[in-house]
Peer 1: 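I'd like to ask you about the structure that follows.
Throughout, protein chains are lettered first and strands after them, A, B, ... in sequence-line order, and every chain is numbered starting at 1.
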Number of protein chains: 2
Amino acid sequence: MSTIATLTDVAKAANVSKMTVSRVINHPEQVTDELKALVFKAMKELDYQPNFAAKALAANTTRIIKLIILEKVDTVEPYYATLLMGVAQALNEHQYALQVVTQKNADIGDCDGYIITGARRDDFDWLNQLNRPTILFGENRHNYDYVDSDNKYGTFLATSAAINDGYDQIIFFGIELKESFEYSRERGYMDTMQKDGRNPQIVRFGNHSSEAQNYVENHWHEFKPNTCFVCSSDRLAIGVERGIQHMHGNIPDEFGIIGFDGVFLDQIADPKLTTVKQPVMTMGSKVAALLLQKINLALPMSEDHDPDRNNRVEVMFSPELIRRQTTRNYHRS
Amino acid sequence: MSTIATLTDVAKAANVSKMTVSRVINHPEQVTDELKALVFKAMKELDYQPNFAAKALAANTTRIIKLIILEKVDTVEPYYATLLMGVAQALNEHQYALQVVTQKNADIGDCDGYIITGARRDDFDWLNQLNRPTILFGENRHNYDYVDSDNKYGTFLATSAAINDGYDQIIFFGIELKESFEYSRERGYMDTMQKDGRNPQIVRFGNHSSEAQNYVENHWHEFKPNTCFVCSSDRLAIGVERGIQHMHGNIPDEFGIIGFDGVFLDQIADPKLTTVKQPVMTMGSKVAALLLQKINLALPMSEDHDPDRNNRVEVMFSPELIRRQTTRNYHRS
DNA sequence: TCTCTCAATGTTATCGGTAACAGGTTTAAT
DNA sequence: ATTAAACCTGTTACCGATAACATTGAGAGA
């Protein structure tokens, strides 16, 4: 028999009713230990796996979670691949299916909840119209629940490291985007600089390596040796690295570079980037877990986003400074 | 009413029975045009979307497709992200859900079919035991249906371009892997070289940029100016690029480089790589489409893999040579 | 005119679970 | 001892869609 065992099969084997088996699974406290033992034995023997579709249908849910990626996917960042792995893993564990949506208009069909990544200011009108539990990947000022890495802490780590390593001038290369994550990263840099009595200096670019590279080359005379560039992304950091190499600056002794993200790009760079690494995969799992929790709590369904509630869930993961070859890595003890 | 419309709702609105509506969707030829019109109107008005779970349950299927990634995901290649987008898109269109599995052992629960990527020789024992329609992403010698890019044609393109551009020495940097795709790429190179009466020369490495880079630096004296390196991956190509830059060789006049894959890495390199680009996203959609076709054809389910059948499906996509900054790009007309 | 056939539509049962209710037994309280 | 409350398990109906069967009606042929 290669057919897959159903509840009924298990019930027969254990000589009880379907309902008892169902209860053993969902409300075990309502069943005597005696029967539970029988049922467990039968489940094991038949290698019972609950039927996804039946569960969904009975519960009037879809057991589908949509992951909506709101960024242009032509330059698919490895970042999202990693995130997706994390989400997928957590979802699988709980017998939920994933639907990946890359364009707003492709969002057809129902689902139990949304995970949104790459939401920008203009996207929130659209987001508000979603009528299912939603969690954003990335901090935001719209009172949406979210998971993110602690961006401010990340640039604190980076800036402290630069100070610690003895660089005189520490410049922040930011992303030209009026988004929350960027504000936080800049703040982490600013605060740390000020606390140390230094003069912060911020320059901003589109998130392309070439822009950072051009800037470095065009303003080369402004950068005295013993300068460290703290960047808001590994992309920018790579640009800086190239700019310095092009101008024959020495890395890391004359010039330090610290990136942000720690996904793939940092390893591709040469020399490999010192970077603020986010635990992206873990974060992916966490968003998924949180969303499922929210869904199960919020039953009955169709909870709309309420911009006025004040019990927002904000989960921040601490990033980690990975010291590699673009900083001096002194260890002041 | 924000509730989602069901078959019954549509039936009531159109004043027919559920069954008629179902037939309009699945067997339209059995329904009169008159009723069809009514039903279509009702469906449009109610914005009817078929219930995924109910469909699955009624048809005794899962409507779940598993994408199994058999490679180490610690260095998640952007390649897979792109592929996944393609798969997801095609699946969404046909109301199938995707389950991403990254470790063999995590493959619990039933599904309607498998898409396998990154299968190596040792994986096939495990693959054989899968008892659902399966399609591989990547050519193989085990008689599995597959989709891949035309690897041989890809290196033919690359090698021809190198010849065309007037490079004297043309060396192939391959991946040290006894896998089908690598054989094909090497063959494309060999054949093209021989047809032009040249001496092929192949070196192989693990697929890491550093290995290629070290080799270039350590054997620098062997490479006369006017040499082109045809590589089996963009990763290797990047290593070569660095090696050459490190030895102060001139790109592309003295030394040409051609990569393979065309996903992300080629753009990150500086100068940007001339590469053989695979239409990865399209290929992803195609695998999915093929699998769905196979599933619907193979009903009733549980079709095992039959290693002896001789009607294997092999779909090859033609890659494209993208000329960028690491070749001379002469255009012999 | 009366049947016979076939096409068009409706009715019923089913997929595999779960909530709600019903029935039977034990325990506790008066 | 009697009754109620608590507890455990089984029965029924339902989630939304579909295959299989039942029914209806129109047109063909005798």
Side-chain angles (χ1 to χ4, degrees), chain A residues 3-39 42-43 46-64 94-96 109-112 296 299-302, chain B residues 3-39 42-43 46-64 94-96 109-112 296 299-302:
Chain A
T3 21
I4 280 183
T6 71
L7 247 197
T8 314
D9 298 333
V10 176
K12 272 193 207 126
N15 216 17
V16 296
S17 74
K18 281 179 13 168
M19 208 47 225
T20 302
V21 180
S22 171
R23 270 192 278 254
V24 168
I25 297 169
N26 301 300
H27 310 282
E29 74 285 357
Q30 298 178 7
V31 183
T32 52
D33 293 349
E34 209 173 349
L35 283 192
K36 257 187 287 195
L38 281 177
V39 170
M43 293 203 315
L46 297 174
D47 186 29
Y48 170 72
Q49 300 288 352
N51 182 302
F52 173 89
K55 258 182 125 93
L57 187 56
N60 246 328
T61 62
T62 64
R63 295 194 84 81
I64 293 178
H94 296 84
Q95 282 242 320
Y96 273 78
D110 199 14
C111 68
D112 290 353
N296 294 324
L299 294 174
M301 301 254 309
S302 82
Chain B
T3 21
I4 281 184
T6 71
L7 248 195
T8 315
D9 299 331
V10 176
K12 272 194 207 125
N15 214 22
V16 296
S17 75
K18 283 175 16 165
M19 208 50 223
T20 302
V21 181
S22 171
R23 270 192 277 255
V24 168
I25 298 169
N26 301 299
H27 310 284
E29 75 284 357
Q30 299 177 5
V31 183
T32 52
D33 293 348
E34 207 175 348
L35 284 192
K36 256 188 288 197
L38 280 177
V39 170
M43 293 202 315
L46 297 174
D47 186 29
Y48 169 71
Q49 300 288 351
N51 182 301
F52 173 90
K55 254 182 130 94
L57 188 56
N60 247 325
T61 62
T62 64
R63 295 195 86 81
I64 292 176
H94 295 85
Q95 282 241 320
Y96 272 78
D110 200 15
C111 69
D112 290 355
N296 293 324
L299 295 173
M301 301 254 308
S302 80

Peer 1: Atom NZ of A:K55 to atom P of C:dT18: distance rounded to whole Å?
Peer 2: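 Distance, rounded to whole Å: 5 Å.
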Peer 1: Output the rounded distance in Å from CZ (A:R23) to C1' (C:dG17).
Peer 2: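 Rounded to the whole Å, the gap is 13 Å.
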Peer 1: May I have the distance from A:Q49 (atom CD) to C:dG17 (atom P), rounded to whole angstrom?
Peer 2: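 The distance from CD of A:Q49 to P of C:dG17 comes to 10 Å, rounded to the nearest Å.
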Peer 1: If only side-chain N and O atoms of B:H27 are considered, is one of them under 4.0 Å from the OP1 or OP2 phosphate oxygen of C:dA8?
Peer 2: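 No, B:H27 has no side-chain N/O under 4.0 Å of OP1/OP2 on C:dA8.
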Peer 1: Relative to the 5' end of DNA chain D, which residue comes earlier, B:Y48 or A:T20, by the nucleotide with the nearest heavy atom?
Peer 2: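 With B:Y48 and A:T20 compared, the 5'-side residue is A:T20.
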Peer 1: If you check the A:N26 side chain, which of D:dG10, C:dT18, D:dG16 turns out closest?
Peer 2: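 It is C:dT18.
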Peer 1: Which heavy atom in A:T62 sits nearest to a heavy atom in A:F52, and how many Å separate them?
Peer 2: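 Closest pair (atom of A:T62, atom of A:F52, distance): O-CZ, 4.2 Å.
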Peer 1: Looking at D:dT9, D:dA17, D:dC15, which one has an atom nearest to any side-chain atom of A:V31?
Peer 2: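 So the nucleotide nearest the side chain must be D:dT9.
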Peer 1: To the nearest Å, how far apart are A:F52 CZ and C:dC15 C1'?
Peer 2: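 Answer to the nearest Å: 15 Å.
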Peer 1: For a side chain to side chain contact (heavy atoms under 4.5 Å, CB included) check, start with the C-alpha distance between B:V16 and B:V21, then their side-chain angles and the critical distance, and finish with the verdict.
Peer 2: CA-CA 8 Å; B:V16 296; B:V21 181; 3.9 Å; yes
Peer 1: Whole-Å distance between C:dT18 P and A:L57 CG?
Peer 2: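 Interatomic distance, CG of A:L57 to P of C:dT18: 11 Å.
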Peer 1: Which one, C:dT9, C:dG17, C:dC15, comes nearest to the side chain of A:A58?
Peer 2: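 The listed nucleotide nearest to A:A58's side chain is C:dG17.
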Peer 1: On DNA chain C, nearest-nucleotide positions of B:A59 versus B:S17: which is more 5'?
Peer 2: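 The residue whose closest nucleotide sits nearer the 5' end is B:S17.
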Peer 1: Of B:V10, B:D9, B:L7, B:L38, which meets side-chain contact (heavy atoms from CB on, under 4.5 Å) against B:M43?
Peer 2: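 Passing option: B:V10.
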Peer 1: To the side chain of A:S22, which of C:dC15, D:dA17, C:dT18 is closest?
Peer 2: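 Nearest to the side chain of A:S22 among the choices is C:dT18.
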Peer 1: List the steps and the verdict of side chain to side chain contact (heavy atoms under 4.5 Å, CB included) for B:L35 and B:V24.
Peer 2: CA-CA 9 Å; B:L35 284 192; B:V24 168; 5.9 Å; no
Peer 1: DNA chain D: A:T32 or A:K18, which has the more 5' nearest nucleotide?
Peer 2: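 So the residue in question is A:T32.
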Peer 1: A:D110 has an atom CG; how far is it from atom C1' of D:dG16, in whole Å?
Peer 2: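 So the two atoms are 13 Å apart, to the nearest Å.
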Peer 1: Nearest whole angstrom, please: distance from the P of D:dC7 to the CG of A:D33.
Peer 2: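 One finds 15 Å between P of D:dC7 and CG of A:D33, rounded.
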Peer 1: Nearest to the side chain of A:V16 - D:dG10, D:dT9, C:dG16?
Peer 2: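 So the side chain of A:V16 is nearest to D:dG10.
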Peer 1: Roughly how many Å is it from CE in B:M19 to P in C:dT9, rounded to a whole number?
Peer 2: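 In whole Å, C:dT9 P lies 13 Å from B:M19 CE.
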Peer 1: So what does B:I25 touch, heavy atoms closer than 4.0 Å: a base, only the sugar-phosphate, or nothing?
Peer 2: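 Here B:I25 touches no strand at all.
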Peer 1: Under the 3.5 angstrom rule, does the side chain of B:R63 hit a backbone N or O of B:Q95 as a donor-acceptor pair?
Peer 2: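 At least one qualifying donor-acceptor pair exists.
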